[in-house]
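These notes concern the structure reproduced below.
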Amino acid sequence: MSGVAVGAVLLVASSLLSTMEVICVRLLDGHASNGQILLFRAGGQLALASASLAFVGGLPLLRTKRLRVHLIRAGLSAGSWWLYYASFQTLDLALATTLSFSSQIFVVILAALCLGERLTPRRLGATLLGLFGIAIAVRLWGVQSIDGRALYGLASAFLGAVMLVITRSLSQTERTQTIMFYIGVIVFLAAVPQAALDWRSLTGRDTGLLLAMGLLGTSAMWLMVEAYRYAEASSLAPFPYFRLIFSAVAGSVFFSEVVRLETLVGAGLIVGSALLIISEAGKQADHPRGTRPRMIFQWKKRVGNEQQ
């Protein structure tokens, strides 16, 4: 089995588990607060990362020269996760999933503004196409028809883009287990006071759904990270979008949701935009002559030399 095939299988499995995770969140139907949801989700990640760290090397692997970057990235995760689960609690699954994919568009904008990456005409066009897709998905043309709850998904996607920019450098020097451990610790600590202030009595069913959500979400993230160890991102670009199919089916089967035409069109434009952006990045990597080096890669190289 080729590396691309293995990576594709892992990403499709990750998409399926992510969809099952948000199904659990929706089935809670408000019986658990956002603080409780974060607490169980972070607890699941912390438990899995700790077990993995103990298996491969223990406490020495937590030593890092980049603790500040870990803490910033984990703090952003706390905010992004809160918004992410809020969007899936309040929006149709298909729309919430569509908005979550807009993070790739925000990455391009942030990389150009903050990292000095070159914004080619083709990449600019793809980014504008994605923004147009977002506008259609949230029905921006009619102020009264805009669903304000869509801001949860867009804000989560924006914070996710900031985290991705940071993770690009962290992944060059840190193990997956180390990154996931620090995220789990910080989000768990941030969730404790939220859960305490808004603690709701949980039935056995509620507790089971929360435990399942924590396990499913953590496993989905782990599979996604591992998928990109087998093949390049450009080769695996289409496969994360299986989540859109899974979400549409799950919304219809479990919650009798009907996918709106605007969501379908917006999702198509956002996916097309993301694929064009990834394709353009691959071409620049294959033909670097005549393009200005991107600052992020210069930073990676410098960080790597410092670690040696």
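On a predicted model such as this, the values are computed, not experimentally measured, just so you know.
- Phe40 meets the ring pair (Phe, Tyr, Trp, His ring centres under 6.0 Å) test with no other residue; sequence neighbours excluded.
- Between atom CG of residue Leu269 and atom CG of residue Leu131 there is a gap of 11.0 Å, rounded to the nearest 0.5 Å.
- For Arg26, the salt bridge (charged side-chain N to carboxylate O under 4.0 Å, His left out) partners are Glu257, not counting sequence neighbours.
- Arg200 is linked by a side-chain hydrogen bond (donor to acceptor under 3.5 Å, both in side chains) to Asp198, counting only residues two or more places apart in sequence or in another chain.
- Under a hydrophobic-cluster definition in which Ile, Leu, Val, Met, Phe, Trp and Tyr are linked whenever side-chain heavy atoms come within less than 4.5 Å, directly or via other members, Phe255 and Val253 are assigned to the same cluster.
- The salt bridge (charged side-chain N to carboxylate O under 4.0 Å, His left out) analysis of residues 72-84, with sequence neighbours excluded, yields no pairs.
- The side chain to side chain contact (heavy atoms under 4.5 Å, CB included) search around Leu76 returns Ile72, Leu159, Val162, Met163, Ile166, not counting sequence neighbours.
- Within the 4.5 Å cutoff, side-chain heavy atoms of Ser102 are placed close to those of Leu154.
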| said: Walk me through whether Thr19 and Val249 qualify under side-chain contact (heavy atoms from CB on, under 4.5 Å). | reply: CA-CA 10 Å; Thr19 303; Val249 172; over 6 Å; no
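- Contact between Leu216 and Cys24 at its shortest, heavy atoms only, is CD1-SG, 4.0 Å.
- Hydrophobic clustering, with ILVMFWY side chains joined whenever heavy atoms are under 4.5 angstrom apart, groups Tyr241 together with Ile134.
- By the ring pair (Phe, Tyr, Trp, His ring centres under 6.0 Å) test, Phe246 is found to be paired with no residue, residues two or more places apart in sequence or in another chain being considered.
- Linking ILVMFWY side-chain heavy atoms closer than 4.5 Å, directly or via other members, places Met224 and Phe242 in a single hydrophobic cluster.
- Both Trp222 and Ile179 are members of a single hydrophobic cluster when ILVMFWY side chains are connected at heavy-atom separations under 4.5 Å.
- For the ring pair (Phe, Tyr, Trp, His ring centres under 6.0 Å) test, no residue two or more places apart in sequence or in another chain qualifies with Phe181.
- Between Phe158 and Phe106, the ring-plane angle classifies as perpendicular under the 30° and 60° cut-offs.
- Listed by first and then second residue, the ring pair (Phe, Tyr, Trp, His ring centres under 6.0 Å) pairs involving residues 79-99 are Tyr84-Phe88 (not counting sequence neighbours).
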| How far apart are the C-alpha atoms of Thr203 and Asp206, what are their side-chain angles, what is the distance that settles it, and do they pass the side-chain contact (heavy atoms from CB on, under 4.5 Å) test? | CA-CA 5 Å; Thr203 64; Asp206 298 332; 3.0 Å; yes
| message | Between Thr263 and Asp92, does the side-chain contact (heavy atoms from CB on, under 4.5 Å) criterion hold? Intermediate values first, please. | response | CA-CA 10 Å; Thr263 301; Asp92 289 352; over 6 Å; no
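- Counting heavy atoms from C-beta on, the side chains of Leu67 and Tyr182 come closer than 4.5 Å.
- With sequence neighbours excluded, no residue forms a side-chain hydrogen bond (donor to acceptor under 3.5 Å, both in side chains) with Ser87.
- Residue pairs that meet the salt bridge (charged side-chain N to carboxylate O under 4.0 Å, His left out) test with at least one member in residues 151-161, sequence neighbours left out, do not exist here.
- Within the structure, no pair that satisfies the salt bridge (charged side-chain N to carboxylate O under 4.0 Å, His left out) test touches residues 207-225, not counting sequence neighbours.
- Using a 4.5 Å cut-off between side-chain heavy atoms of Ile, Leu, Val, Met, Phe, Trp and Tyr, with links allowed through other members, Leu93 and Leu264 fall into different hydrophobic clusters.
- For residues 33-43, the pairs satisfying salt bridge (charged side-chain N to carboxylate O under 4.0 Å, His left out) are Glu21-Arg41, with sequence neighbours left out.
- Considering Ser18, Ser247, Ser15 as possible partners of Thr97, the one that fulfils the side-chain hydrogen bond (donor to acceptor under 3.5 Å, both in side chains) test is Ser247.
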